[in-house]
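Contents: one structure, followed by commentary.
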Amino acid sequence: MVERAETDRPTGKADTGNQQRPQTGGPAPDRARDGEPEDQVLVAPSNDGKIEEPFYNTYFHSSFSYLEVGYALYFYSYSSWAGRAIYMEDLYVMPEFRGKGIGKALMSKVAQLGLAAGCNQLNFTVLDWNKSSRDFYMSQGCCDVTTSMGYHCMRCEGEALQHLAQP
Amino acid sequence: MEYKLRKAEPKDVPDILRLVKELAKYEEMEHQVALTEKDLLEDGFGETPFYHCIIAEIQGESSSEGNPKVGGFAMYYFTYDPWVGKQLYLEEFYVMNEYRGLGMGSEILRHLSDLAMKTRCTGMMFVVAENNAPSMQFYKRRGAEDLSQEEGWRLFRFDKDSLLKMATPAEE
């Protein structure tokens with residue numbers, strides 16, 4: 001149920017913006033295929049029409065009649081101390097499909113992909129009120145870097161970013 | 001003293017590692033730097049770079065042991081927020097002590113912000129240690145938000161050993 005078959009990645013295939021994030025509750029459209037889950041490489045649309053290197057990759061898990069019930073979105077990053085790293089931006093399983101080990105399986109797949117690419121770390125963020133998630137990740141051998149090293153995640157966006165870019 | 005900003009080249013790798021170690025020493029974490037020059041060369045200048053670097057090169061000084069030409073640098077890469085799109089992630093940002101006060105840091109940041117806008121990034125992200133008051137002030141003065149404080153985001157990490165355990169397929 002959990003393992004995916006290796007399929008050819010449709011590199012260069014552009015999905016120009018109609019792809020929505022999986023909505024809570026609704027089933028994905030029917031697909032006339034066998035039940036194997038498929039990796040999708042979603043490419044950010046480019047103004048000049050060229051296909052760019054993917055900025056993120058997504059991993060879907062499906063079962064039964066090929067319904068997408070969960071996903072992990074990840075990309076490669078870099079630590080100036082430890083080198084290659086993999087960052088898990090999103091991990092989501094629809095509520096009705098929880099408790100079956102799907103989240104764990106998705107995370108395990110991200111870990112496998114990271115190790116295959118030579119990564120030494122898997123990083124992600126969790127909200128501090130989300131105690132059940134925090135406890136789950138800690139039980140899997142995680143370390144809370146914000147607590148242990150005092151690292152705060154910072155962002156500069158919108159007007160602040162525009163202002164910074166001015167000469 | 002004059003300097004110019006430019007893209008890093010393979011020949012800059014020894015200086016990049018030197019500056020990474022200098023910053024780690026300032027954070028009292030020098031022993032944590034496991035990267036080698038070989039790693040930096042493969043990872044930054046191979047077919048698919050994992051990172052990019054901007055170098056601040058001091059002008060008009062002869063290159064020697066005591067007078068390094070590279071006085072500052074920033075290491076960055078691109079990430080993705082599915083809610084708002086591409087981000088520029090600032091992994092490392094450092095100016096040598098002896099070259100501070102020249103506006104080098106501000107100029108590097110301006111250059112990166114401009115690059116972020118040109119590459120259609122909606123934000124620039126990075127991490128600051130909460131006990132690093134000067135850096136916190138530096139960034140907050142320039143409009144950075146502390147997402148950990150304001151929204152409660154905590155950074156979690158699996159190291160190599162935990163990654164190996166997690167990558168083992170579950171028993172069916």
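Quantities reported herein were computed from a predicted structural model and do not represent experimental measurements. Chain identifiers are assigned alphabetically (A, B, ...) following the order of the sequence lines, protein sequences preceding nucleic acid strands; residue numbering begins at 1 within each chain.
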Is the ring pair B/Phe156/A/Tyr137 parallel, tilted or perpendicular, if the boundaries are 30 and 60 degrees? perpendicular
Over all atoms of both residues, closest heavy-atom pair of B/Tyr139 and A/Met154: CB-CE, 4.5 Å
Qualifying salt bridge (charged side-chain N to carboxylate O under 4.0 Å, His left out) pairs with a residue from residues 114-131 of chain A, counting only residues at least two apart or across chains: A/Lys131-A/Asp135
Region of A/Gln166 that comes under 4.5 Å of a non-hydrogen atom in chain B: backbone
Between A/Leu73, A/Ile86, A/Leu127, A/Asn120, which residue shows the highest count of heavy-atom pairs closer than 4.5 Å to chain B? A/Leu127
For chain B, find which of A/Cys153, A/Gly114, A/Gly158, A/Ala111 contributes the most heavy-atom pairs closer than 4.5 angstrom. A/Cys153
Closest approach of B/Thr122 and A/Glu157, non-hydrogen atoms and distance? O-CB, 3.3 Å
Please name the pair of heavy atoms, one in B/Leu155 and one in A/Thr146, separated by the smallest distance, quoted to 0.1 Å. N-OG1, 2.8 Å
Chain B contact via A/Phe75 - side chain, backbone, both or neither, heavy atoms under 4.5 Å: side chain
Are A/Tyr78 and B/Met75 side-chain neighbours, meaning at least one heavy-atom pair lies under 4.5 Å? yes
Measuring heavy-atom distances to chain B, does A/His163 have an atom under 4.5 Å in its side chain, in its backbone, in both, or in neither? neither
Counting only non-hydrogen atoms closer than 4.5 Å, does A/Leu161 touch chain B with its backbone (N, CA, C, O), its side chain (CB onward), both, or neither? both
Could you go step by step and tell me if B/Arg110 and A/Leu164 meet the side chain to side chain contact (heavy atoms under 4.5 Å, CB included) rule? CA-CA 5 Å; B/Arg110 191 210 62 76; A/Leu164 260 185; over 6 Å; no
Do you know which two heavy atoms are closest between A/Gln140 and B/Phe158, and how far apart they sit? O-CE2, 3.3 Å
Tell me, please, which residues at least two apart from A/Ala160 pass side-chain contact (heavy atoms from CB on, under 4.5 Å). A/Cys156
Only pairs of heavy atoms separated by less than 4.5 Å count here; which of B/Gly143, B/Ser162, B/Gly152 has the most with chain A? B/Gly152
State, to 0.1 Å, how close A/Leu115 and B/Ala167 come at their nearest heavy-atom pair, and which atoms those are. CD1-CB, 3.5 Å
Could you check whether A/Thr125 and B/Arg154, counting side-chain N and O atoms only, form a donor-acceptor pair closer than 3.5 Å? no
